[in-house]
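Naming: A, B, ... by sequence-line order, numbering from 1 per chain.
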Amino acid sequence: MRFSRLFGRTLREDPAEAEIVSHQLLQRGGFIKPLASGIYTQMPLGWRVSKKIMNIFRREMDALGCQEMAMPVINPAEIWQQTGRWDSVGPALVRYQDRNERDMCLAMTHEEALSDILKTELESYKQLPILCYHMQTKVRDEPRPRGGLIRVREFIMKDAYSVHTDQADIDRFYPDMVQAYRNIFASCNLDTVEVEADSGMMGGSDSHEFMVLSQSGEDTVFISSDGAYAANAERAVFDKGTPPAEEPGQLEEVYTPNCKTIAEVANFLGVPQTRTVKAVFYIAENETEDFIFVVIRGDLPVNEVKLSNALGGINFRAATEAEIEAVGAVPGYASPIGLNKDLGGGRKLIIVADDSAVNFPNLVGGANKAEYHLKNTNANRDYQPDVVADIALAQDGDKCLGSEAIFQLHRGIEVGHCFKLGTRYSKPVGLKYLDENGKTQTPIMGSYGIGVGRLMAAVVEQHHDDNGIIWPEAIAPFDLHVVSLAKRPDDEVGQQGEALYRQLQQAGFDVLYDDRKESPGVKFSDADLIGIPWRMTLSARSLKNGGVEVKHRRDPDVDIVPVDQLVDYLKNKRQ
RNA sequence: CGGGAUGUAGCGCAGCCCGGUAGCGCGCUUCGUUCGGGACGAAGAGGCCGGCGGUUCGAAUCCGCCCAUCCCGACCA
């Protein structure tokens, strides 16, 4: 490619709206161009990188025996209604009606589309496992796109699916897929951390995220100080401490003026926050709008993902002060003690207790009376929780379960996610196959996603310097960047440059040839910004020194290589 | 959806308080000089000052509403 003909140009300054480095450099280098919030065009340079990334995906998926296919972006509503996600995923799913007023949507992922195929295609255990993947545009109307390519509303994802006879079969296959993901990230020179994750809207039992640790990440992950445990914030379980061995004491009302927060109460009564219990309130988004009364030890924040899981995956919102008062609780001094669980009309008050609030005895809690708290509240004696679960949010510095290690908080970019889906999709859709004994069985599925653009951005986050991007060789837009410092196109240097460009292309390299009429400074700066690994400078000076000046983007040093030895030199040096 | 910020030429910004016919740098075009780390000179092109409404003799500037973009949070993968 001649630089003079390359569509898209470099910018001298960072676009004002770009805050994170990958967004700045990808835009400045002319890789991407924004169209609307969270919607980007991949310009020729960016698309070249994407294609190289996708080819790495192909290589790894094909090696596993996964077959590439292509499923549609446009889906009919029915298949999403069948799995329940038409209602459960909310406005992130882009919906519309076609001209016949049929409900349609733009797929945000493809479990439904694949399941629909399997409904008629899958009949026998002999077909299993089915391993397939595709790379397709996903559309998600995100509440808040951010960070350039980190979180967007339209993006290409490689998603693979596996269909198995039973759990044992997916358990055998799953590590191979995880290994393929490791290979992919290794090929992109990306350092990733594998963390236990919540499966979120995907459902299913088991899931692992691949995180790139970065300040620009939007996910919170905890890694134990001994490196033995890593989990994202939604999932992380931690040691809440050992409850003191105390006999339950007598309930005792105490006057606690102006003590609406846990900190104030603990301070006023001179007890640690771990000896208090607090209440948090939500309204379930179900037909009866049940009132969710959460009790949790005073020092712990609520993990709403864990809470949702404890309640069978329902959605909810924070309750208003009026709604709290309506069930008889007093905000700031609330307690589940003495509240009526039947709110009438089939509406329930559901008490969800974190295990901390149950295991720790004699906690200070609200009295449902302004300015008063109760000492020595005890779950199961003073009130009956409907659900007891771990619903606490881990924090930096929390202790790991079963070891002395400490949680350290990191920010991360989620670049890949593997899910064991169980029968989350196969069951509602009614997927069936006949086993060796002619018995009807429900298959077990897995799904494995990785975003192309997000991966590209994550690589830039990890591989850049003050001057620009430093692409790993495997995904660089070009292999070589030939910089000609010819004064005129037809002079000695110009002619040699043309010949060199042809020669390197014939040797099989992807070459960007800077034939522009620009000053050397401009060409070098653009070369650094675009970040192609190998830069070859051809100039009167280099020719006088015996050839072409070869420099790797990440090293300051240069080699002078005679033109006729260049190809051998590069084949030797390149990874 | 809540909080905050910003919208003026392709990009980065000033001008806005204090109303009076729109400016700087980069980039772009032409010519000349230059030529190893974002060169120099000369001459140019390019703007519905985000939109709508109001106040005013007069609005980029004051007021109201709306829209868009970014950041934090909610939410989400």
Side-chain angles (χ1 to χ4, degrees), chain A residues 8-20 23-24 27-28 30 33-39 85 88-93 108-109 111 138-148 150-153 155 157 159 197-204 207-211 216-220 232-234 282 285 304-305 308 315-318 412-419 447-451 453-455 466-468 483-488 491 493-494 514 516-529 535 537-545 549 551 556 558:
Chain A
R9 61 167 160 190
T10 57
L11 303 173
R12 290 204 182 196
E13 285 164 299
D14 291 327
E17 79 277 3
E19 292 217 344
I20 71 170
H23 193 198
Q24 291 169 339
Q27 238 175 293
R28 263 183 65 203
K33 201 162 173 64
L35 175 61
S37 179
I39 301 177
R85 288 161 114 190
S88 69
V89 294
L93 182 66
M108 53 199 296
T109 170
E111 283 78 13
K138 313 285 171 173
V139 179
R140 299 182 183 182
D141 191 2
E142 287 296 334
R144 180 152 93 86
R146 66 182 98 180
I150 299 294
R151 188 176 207 80
V152 291
R153 289 148 80 194
F155 61 99
M157 178 161 115
D159 40 334
D198 184 82
S199 47
M201 73 157 187
M202 303 296 291
S207 92
H208 289 85
E209 286 175 347
F210 293 82
M211 308 288 303
S216 304
E218 52 174 0
D219 292 303
T220 301
N232 73 12
E234 288 82 50
Y282 300 94
E285 291 180 335
E304 294 184 357
V305 173
S308 174
N315 292 320
F316 47 77
R317 60 170 173 83
I413 302 166
E414 179 194 343
V415 290
H417 205 155
C418 292
F419 300 88
S447 112
Y448 317 91
I450 181 168
R454 187 181 275 187
L455 178 60
D466 289 346
N467 298 321
V483 176
S484 163
L485 297 185
K487 294 190 177 24
R488 279 189 316 280
D491 66 14
V493 176
D514 196 343
R516 295 175 301 168
K517 197 170 168 247
E518 288 287 354
S519 70
V522 169
K523 292 186 176 189
F524 290 141
S525 297
D526 280 345
D528 287 347
L529 177 58
R535 186 184 84 188
T537 307
L538 186 71
S539 66
R541 187 201 289 179
S542 77
L543 286 175
K544 206 176 80 194
N545 288 339
E549 204 173 88
K551 177 186 174 301
V558 298

Between [M] and [N], how far apart are the [atom1] atoms? Round to whole Å, please.
| N | M | atom1 | answer |
| --- | --- | --- | --- |
| B:rA68 | B:rC28 | C1' | 27 Å |
| B:rG15 | B:rU55 | C1' | 22 Å |
| B:rC16 | B:rG7 | P | 13 Å |
| B:rG4 | B:rG41 | C1' | 47 Å |
| B:rC70 | B:rU8 | P | 14 Å |
| B:rC18 | B:rU30 | C1' | 43 Å |
| B:rG50 | B:rU69 | P | 16 Å |

Check your understanding: Any stacking of A:F419 on B:rA77, going by centres under 5.5 angstrom and planes within less than 30 degrees?
Key ->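 No; by the centre-distance and plane-angle rule, A:F419 does not count as stacking on B:rA77.
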Report, one pair per line, the protein and nucleotides 39-43 of chain B atoms (nitrogen or oxygen only) whose separation is under 3.5 Å.
from, atom 1, to, atom 2, distance (Å)
B:rA39, OP2, A:S519, OG, 3.4

Within the structure shown, what part of the strands sits under 4.0 Å from [X] by heavy-atom distance: base, sugar-phosphate, or nothing?
| X | answer |
| --- | --- |
| A:E218 | nothing |
| A:R488 | nothing |
| A:P34 | nothing |
| A:D526 | base |
| A:F210 | nothing |

Look for any protein N or O under 3.5 Å of an N or O in nucleotides 66-70 of chain B and output each such pair with its distance, or none.
from, atom 1, to, atom 2, distance (Å)
B:rU69, OP1, A:S37, N, 3.0
B:rC70, OP2, A:S37, OG, 2.7

Review point. Considering residues at least two apart in sequence or located in another chain, which fulfil the side chain to side chain donor-acceptor pair (under 3.5 Å) criterion with A:E518?
Key: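 Applying side chain to side chain donor-acceptor pair (under 3.5 Å) to A:E518 gives none.
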Practice item. Please evaluate the base of B:rG37 for a donor-acceptor partner in the side chain of A:R535 within a cut-off of under 3.5 Å? Key: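 Under the 3.5 Å cut-off, the side chain and the base do form a donor-acceptor pair.
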Exercise for review: Confirm from the modelled atom types if A:E209 and B:rA77 form a donor-acceptor pair under 3.5 Å, side chain to base only.
Suggested key: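 No, the side chain and the base share no sub-3.5 Å donor-acceptor pair.
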